Amino acid sequence: MDFNEYQRDAAKYDCFSKPEKLDNLVEAGFLEEVLGLSGETGEVADKIKKIIRDKKGKYSEEDKVEIVKELGDVMWYLAGIARYLDVDLETVARGNLTKLEDRRKRGKIGGSGDNR
Ligand SMILES: [Mg+2]
């Protein structure tokens, strides 16, 4: 499965899904996607926090399965936000790698700042 195939299939489960891009970010559906992404990334962090807190960082196969489920939820919301902005996931993924390669070539992988 490639990113765009995933994005198309994931849209089937979006109860706010619209066929066209949203021109206004307060339109129905978009806010739920943004809040959902934030919530799901929190769920990933929370599961890892509990492994660190309660298991001294040692995770089981079951822990891993549960974290992977949450990563999938993050991906679902990411795909939805990109779809509402009329951007395919392949473009998002390639753009990220291009940015990172540019930083690597300039010796700027470390540090902080969105546009370094
Ligand atoms: Mg979840």
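No experiment lies behind these values; they were computed from the predicted model shown. We count ligands from 1, going down the list as the structure has it; atoms in each ligand are counted the same way.
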> Have Y84 and D14 got a donor and an acceptor in their side chains that come within less than 3.5 Å?
Replying inline: yes
> So, are R94 and E90 salt-bridged, with charged N and O less than 4.0 Å apart?
Replying inline: yes
> Quick one: do D63 and K55 make a salt bridge, cutoff under 4.0 Å?
Replying inline: yes
> Name of the E70 N, O or S atom nearest the Mg ion (ligand 1)?
Replying inline: OE1
> Looking at the Mg ion (ligand 1), which N/O/S atom of D73 is the nearest one?
Replying inline: OD2
> Would a hydrophobic clustering, with Ile, Leu, Val, Met, Phe, Trp and Tyr connected at side-chain separations under 4.5 Å, put F30 with V87?
Replying inline: yes
>> What do you get for the angle at the Mg ion (ligand 1) between OE1 on E40 and OE1 on E43, to the nearest 10 degrees?
In response: 90°
